[in-house]
Each structure stands twice: as C-alpha cells, then as structure tokens.
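Before any comments, here is the structure.
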Amino acid sequence: MLDINLVRNNPEEIKKALAKKKVPPAAVDLLLEKDIKWREEIKKIEDLRAQLNQLSKARKIEEAKAVKEELKKAEAVLPELETERNLAWIKLPNIPSEDTPVGLDESENKPIRKWGEPAKFNFTPKDHLELGKALGIIDVETAGKVSGSRFAYLKGDAVRLQMAIIKFVFDTLGNEKILKKIANRVEKGYSSKPFTLVLPPMMIKPDVFKRMARLDPGQEEERYHLQKDDLYLVGSAEHTLGPIHMDSSIPEDQLPIRYVGYSTSFRREAGSYGRDVKGILRMHQFDKLEMESFTLPENSSKEQQFIVAIQEYLMQQLAIPYQVVSVCTGDMGGPDYRQIDIEAWLSGQNKYRETHTSDLMTDYQSRRLATKIKRKDGKTELAHMNDATAFALGRIIIAILENYQNKDGSVTVPKVLRKYAGIKKIK
RNA sequence: GGUAGGGUGGCCGAGCGGUUUAAGGCGACAGUCUUGAAAACUGUUGUACCAGAAAUGGUACCGUGAGUUCGAAUCUCACCCCUACCGCCA
C-alpha cells in the first residue's frame with residue numbers, strides 16, 4: 001500500500017501519477033474522505049480513554065462508568081470506518097516511475113533492446129506442442145483426461161531438460177564470480193552477494209497473502225483455495241519468498257538479501273478461457289525459478305538493473321533471442337513502480353512472447369509486511385523489494401524446443417545445459 | 001489427532017487485579033577514567049498510530065482474538081504457535 005502521509009499531503013500529485021495507471025481521481029478522494037472519518041473517530045476514542053484512565057487512577061468509579069458507556073458507543077463505530085478506509089487504501093496501486101512509458105495496454109509497451117538473431121530455418125518451423133508430441137515428451141491429452149484442460153505431462157528428455165535448467169540457474173545465482181561480472185556491468189563494485197537457494201512453501205495463509213498485495217479484491221478469482229485448512233496455493237515462489245522478513249528489521253550491513261526460489265505456481269487462469277489454449281504456454285500448474293531481493297531504498301533501482309542483467313545473462317547462455325520491454329503504466333502490475341519484461345523469440349509462433357518479468361515494488365509490499373531496514377544510526381525505514389523471474393520452466397522449454405529444432409523433428413540441447421542434462425539432442 | 005508443559009522488551013528472566021511508568025540481568029550505544037583498550041562507574045536503550053511547525057502530549061501493544069472489571073501482563077473463554085512424548089505418515 002501507499003504511504004498514507006504522502007496521499008494526505010500531495011493528493012493532486014498522487015491523482016496525476018495514478019491516472020497513468022487508469023485510476024480515477026475519485027478513488028484518491030474516497031481514501032482521503034474515509035481517512036478523515038477514521039481519524040476523527042480515533043481521536044474521539046483516545047480522548048475518552050485518556051479520561052477513563054485518569055478517573056480509574058483516582059478511583060472515581062461512578063464517573064468512570066459514565067465515560068465507559070460513551071467509549072463503548074464510540075468504539076462500536078470504529079471497525080466499519082477502519083474497514084472502509086483500508087479498502088479504499090489497498091485499492092490504490094503503487095506510483096509508476098518517471099521512466100515508465102504511459103499507455104493503456106500491452107500494445108504500448110516499449111521494447112528497449114533486442115539480443116540475438118532469430119534462427120533462419122530452411123524448413124517450416126513447428127510449434128512446441130507439435131514437436132513435443134512427436135518426441136513423446138509433452139502429453140496434454142492424457143493430462144486432460146486425468147486433470148482437465150491446462151495440465152500436461154512432461155516426460156523423458158523434457159524432464160531432463162527441466163532439471164538441467166534448475167541446476168544451471170542455482171549454479172549461476174549461487175556463484176559470486178559470475179555475479180561479480182554481471183554486477184560490474186551495472187556499476188563498478190556493485191554488490192555481487194550470491195542468492196540464497198530456497199525451496200519455499202507452496203501454501204500460504206490468507207492474511208500473509210494479503211500483506212503481499214497478492215490477494216486483494218479482484219485477485220481471489222485467480223487463486224486456488226483449500227477450504228478445509230483456509231490456505232491458498234501460491235501463484236509464484238514470490239508469494240512465500242516475499243514474507244520471509246515480515247515483521248522484522250534487517251540491519252543495513254546485511255543488505256542486499258537475495259533469494260532464488262524454486263516452486264510450482266498454481267493459477268486458475270479465470271477469465272482467460274480462450275487464450276493460449278494450445279500447448280503448455282498457459283497452465284494451471286507450472287514450475288518457476290524466482291528471484292526476490294531486499295535492498296536499501298537508494299539501491300533498489302540499481303538492484304532491478306542487476307536483476308534484469310542476470311535475466312539477460314541467463315538467456316544469452318541459452319542463446320535464445322529475446323527483447324527487453326519496458327512495460328507501460330496501463331499494463332504493469334498494481335504493486336509495481338517499474339516493470340521490465342523479457343520476451344523470448346518463439347520460432348514456432350514467429351514472434352516474441354513474455355517469458356520473464358522483473359518488478360520493482362519499492363516499499364509498496366514492505367509497508368504491509370512491516371519489512372524494515374535498520375540504518376547504522378539506529379533509524380528504521382521500509383525496505384525496498386524486487387521480484388523477478390529467473391526462468392519460468394514451461395515457457396523456457398517452449399523457447400528451447402522451438403528455437404533449437406531441426407528439420408528431422410529432433411531438438412538440439414543448448415550447449416550450457418548439456419552437461420547438466422546428460423544429453424545433446426532430444427530425438 | 002491425543003496428553004503434558006510453555007509463549008513477557010534485541011536476548012535471558014521476574015511479576016499472576018491498582019506506586020508496572022514491566023523488577024533484575026545480559027547485550028548494544030554514549031560519557032567519565034586511560035597513551036589506547038579492558039575493567040569499573042554513570043547515563044541511554046522498543047514499535048505503531050493520533051494531534052502538533054516543533055518541543056511535546058495522548059492512545060495502544062506482555063502469542064492472537066473476544067470477554068469480565070472503574071481498572072487486566074495478571075481473571076474467563078476460544079484460537080494460534082513452540083517443546084516433549086504417544087498415534088499416523090514420506
């Protein structure tokens with residue numbers, strides 16, 4: 001959520017900034033109105049309580065009783081005012097950065113740079129499903145019978161490929177030498193502290209989910225809920241990596257703190273019924289390697305650059321052509337200050353498709369999570385949080401299959417993955 | 001799931017209806033002393049919110065939520081978590 005003082009003191013600027021994210025000015029006014037009502041009531045209650053405390057100390061029992069009655073009435077009103085204020089509050093997304101392109105939707109995202117040349121084939125390239133089916137490594141029919149649409153069995157060399165990618169990422173992000181080279185590209189001497197490898201929980205409590213700003217009104221539809229235990233299945237490792245430091249202060253000298261987590265992601269994909277139904281591009285369940293990092297506010301933009309540089313490094317190692325895209329205000333996530341996507345070239349579809357995203361959330365999440373940093377002088381402030389994809393395994397396997405396919409329907413394994421996968425070719 | 005014992009400040013630990021404004025200790029920070037350090041001594045030492053330009057004042061917080069009371073860390077109820085043992089399980 002946004003800093004309430006910022007909204008109170010600069011309502012017009014906030015309105016202007018949020019308008020870029022398609023938020024009507026009335027939404028800001030609503031919060032201000034609810035906030036005033038809440039403040040009036042809390043003031044009233046605290047004054048009464050002060051009075052009551054005084055009378056109690058003096059053992060003026062009869063007078064205290066009268067004040068207590070009044071207090072009870074005032075207190076009864078508060079919860080509703082608080083709920084209304086909160087609802088208006090969490091509805092406001094984060095303010096977008098100055099360098100974020102203003103736009104209404106996906107079509108106005110701005111490609112920043114391209115890397116790699118799409119391979120030229122002397123035959124008509126197939127899409128990943130056709131290839132995967134023929135190779136016997138992707139089976140959506142059986143999965144349809146067993147689990148329904150948007151599920152798949154990955155088999156044989158597809159599994160070897162996935163395991164290889166996981167090991168490759170963990171080896172890279174845990175290796176300070178490699179990170180140092182990447183960090184120096186961002187800024188000479190920038191922190192090359194390795195990522196801590198994590199296998200996070202894949203279920204999360206509703207209140208923590210909300211504090212991550214991932215279960216706000218409108219988002220419930222996208223989540224799988226386990227009714228008996230009142231737990232949600234995570235939609236990304238981010239959801240349980242982000243709260244690792246909730247309700248605590250991290251000493252300045254321990255930052256940045258970086259995690260790379262591997263987990264399955266569960267998404268209902270409600271409202272995307274007709275989209276990407278072919279193959280394994282959009283699934284109810286897929287595995288993903290996710291980076292999450294906590295930094296000082298003054299370093300968070302640099303950290304995002306570092307993270308994007310890592311994403312690009314990983315793609316370059318796989319030698320898959322891609323473009324880096326600055327996501328526009330209308331298409332970016334609510335908690336985002338700046339969102340940068342990477343789109344991999346898919347030869348079978350003859351276009352770039354989103355495979356990575358990098359979100360700088362500034363203090364938007366850490367405010368509700370109460371994840372703070374403690375400065376050397378003892379002062380505390382909110383940490384900044386970055387979240388980004390290392391590899392979405394389903395989609396990167398698609399990219400490998402389509403870009404590395406051969407005329408005979410076999411697929412060459414990218415060089416860096418061969419020693420991990422133990423195979424050179426899928427045939 | 002069952003039984004038993006627990007959850008108090010950065011940590012340990014006392015308190016079990018009103019001088020609690022949470023004792024005492026450890027740690028941390030500052031000062032005195034010292035060439036420097038240690039020791040000793042002295043002092044400081046949480047978070048959030050509300051009002052205020054600020055100084056400051058107020059409110060809340062002893063696992064969480066509700067309740068009893070003029071007054072709750074302290075009493076009641078429910079729940080959560082931890083530890084041990086039993087059951088079940090990979």
Side-chain angles (χ1 to χ4, degrees), chain A residues 1-11 31-90 92 199-213 215 225-233 240 243-255 257 262-264 287 294 297 363-384:
Chain A
M1 51 173 52
L2 287 174
D3 180 354
I4 190 76
N5 283 311
L6 202 70
V7 183
R8 283 173 189 162
N9 300 330
N10 315 284
L31 171 59
L32 290 171
E33 180 200 322
K34 298 294 179 192
D35 182 52
I36 287 171
K37 280 190 183 158
W38 174 80
R39 274 195 283 175
E40 282 169 358
E41 196 62 22
I42 201 92
K43 177 89 181 107
K44 193 168 150 193
I45 288 170
E46 285 181 1
D47 286 348
L48 283 170
R49 208 166 281 164
Q51 226 178 316
L52 184 65
N53 285 346
Q54 281 304 110
L55 293 171
S56 283
K57 238 175 237 173
R59 313 278 164 96
K60 294 186 177 167
I61 294 171
E62 287 311 310
E63 286 171 63
K65 270 184 182 172
V67 174
K68 203 190 165 189
E69 280 309 303
E70 237 184 296
L71 181 63
K72 265 189 181 165
K73 271 185 227 160
E75 279 177 335
V77 188
L78 192 67
E80 202 189 326
L81 295 178
E82 205 166 63
T83 305
E84 285 179 7
R85 172 178 178 258
N86 266 336
L87 221 63
W89 195 356
I90 61 173
L92 299 183
L199 295 176
M202 298 187 207
M203 297 180 200
I204 184 169
K205 295 178 184 176
D207 68 303
V208 180
F209 217 175
K210 281 178 191 152
R211 290 171 73 181
M212 276 294 286
L215 192 66
H225 182 234
L226 304 169
Q227 204 182 357
K228 229 178 190 170
D229 300 285
D230 195 18
L231 286 168
Y232 284 85
L233 296 180
T240 43
I244 287 179
H245 298 286
M246 67 178 179
D247 296 318
S248 60
S249 301
I250 307 164
E252 182 177 8
D253 57 15
Q254 286 179 22
L255 295 167
I257 294 180
Y262 169 69
S263 96
T264 301
D287 298 327
F294 300 83
D363 59 9
Y364 192 87
Q365 286 178 313
S366 59
R367 182 164 290 109
R368 247 191 288 180
L369 289 168
T371 296
K372 296 176 189 175
I373 56 160
K374 201 178 197 108
R375 296 278 185 184
K376 290 200 182 87
D377 64 8
K379 294 207 172 98
T380 58
E381 62 191 290
L382 294 167
H384 275 204

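So that the names make sense, note that chain A is the first sequence line, chain B the second, and so on, each numbered from 1. The structure displayed is predicted, hence computed values, not measured ones.
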Hits for salt bridge (charged side-chain N to carboxylate O under 4.0 Å, His left out) against A:Asp287, two or more places apart or cross-chain, chain-then-number order -> none

Taking only residues two or more places apart in sequence or in another chain, which ones pass salt bridge (charged side-chain N to carboxylate O under 4.0 Å, His left out) with A:Asp3? none

Dot-bracket, RNA chain B: Watson-Crick or G-U, under 3.5 angstrom, [ ] crossing, | other strand? ((((((((.[[[..)..(.....]]]((((((.......))))))((((((....)))))).[[[[[..)....]]]]])))))))....

Could you tell me whether A:Lys44 contacts a base, only the sugar-phosphate backbone, or nothing, with contacts defined as non-hydrogen atoms closer than 4.0 Å? nothing

Using a cut-off of strictly less than 4.0 Å between a heavy atom of the residue and any atom of RNA chain B, enumerate the qualifying residues of residues 75-88 of chain A by number. none

Within the structure provided, determine whether A:Val77 and A:Lys44 are in side-chain contact (heavy-atom separation under 4.5 Å). no

With nearest nucleotides of RNA chain B determined for A:Lys205 and A:Leu52 from heavy-atom distances, which residue corresponds to the more 5′ nucleotide? A:Leu52

Could you work out the separation of B:rC26 and B:rA14 based on their C1' atoms and round it to a whole Å? 15 Å

Could you give the distance separating B:rG17 and B:rG31 at their C1' atoms, to the nearest angstrom? 42 Å

For the P atoms, the ones on B:rG63 and on B:rA73, what distance do you get once it is rounded to whole angstrom? 10 Å

With rounding to the closest Å, how many angstrom separate the C1' atoms on B:rG27 and B:rG46? 15 Å

Would you mind classifying the nucleic acid contact of A:Arg8 as base, sugar-phosphate or nothing, using non-hydrogen atoms under 4.0 angstrom? sugar-phosphate

Short side-chain to backbone donor-acceptor contact, A:Ser366 and A:Leu382, under 3.5 Å: no

For A:Tyr232, check ring pair (Phe, Tyr, Trp, His ring centres under 6.0 Å) against everything at least two apart and list the hits. A:Phe209, A:His225

If we take the P atom in both B:rU56 and B:rA66, what is their distance in whole Å? 33 Å

Please state the P separation for the pair B:rA37 and B:rC49 - nearest whole angstrom. 39 Å

Using a 3.5 Å distance criterion without hydrogens, assess whether the side chain of A:Arg368 forms a donor-acceptor pair with backbone atoms of A:Lys210. yes

If you pin A:Lys43 and A:Lys374 to their nearest nucleotides in RNA chain B, which one's is more 5'? A:Lys374

Could I get the full list of side chain to side chain donor-acceptor pair (under 3.5 Å) partners for A:Asn5, not counting sequence neighbours? A:Arg8

Sorted by chain and number, sequence neighbours left out, side chain to side chain contact (heavy atoms under 4.5 Å, CB included) with A:Lys73 holds for none

Give me the distance, rounded to whole Å, that separates B:rC80 from B:rA30 when you measure between the C1' atoms they each carry. 41 Å

Taking the same atom, P, in B:rU74 and in B:rG65, what whole-Å distance lies between them? 13 Å

Those residues at least two apart in sequence (or on a different chain) that pass salt bridge (charged side-chain N to carboxylate O under 4.0 Å, His left out) with A:Glu381 are A:Arg375

Would you find more than 12 non-hydrogen atoms of other residues, nucleotides or ligands less than 6.0 Å from A:Met202 atom CE? yes

Ring pair (Phe, Tyr, Trp, His ring centres under 6.0 Å) partners of A:Tyr364, counting only residues at least two apart: none

How is A:Asn53 classified with respect to the nucleic acid when contacts are heavy atoms under 4.0 Å: base, sugar-phosphate, or nothing? sugar-phosphate

RNA chain B: first to last nucleotide in contact with chain A (atom under 4.0 angstrom from a heavy atom), 5' to 3', is B:rG18 to B:rG71

A:Ile250 and A:Lys374: side-chain contact (heavy atoms from CB on, under 4.5 Å), yes or no, with the steps? CA-CA 6 Å; A:Ile250 307 164; A:Lys374 201 178 197 108; over 6 Å; no

Under a 4.0 Å heavy-atom cut-off, which of residues 57-69 of chain A touch RNA chain B? A:Arg59, A:Ile61, A:Ala64, A:Lys65, A:Lys68

Taking salt bridge (charged side-chain N to carboxylate O under 4.0 Å, His left out) as the definition, give me every residue that meets it alongside A:Glu75, ordered by chain and number, with sequence neighbours left out. A:Arg49

With no hydrogens and no angle check, is any side-chain donor or acceptor of A:Thr240 less than 3.5 Å from a backbone partner on A:Pro201? yes

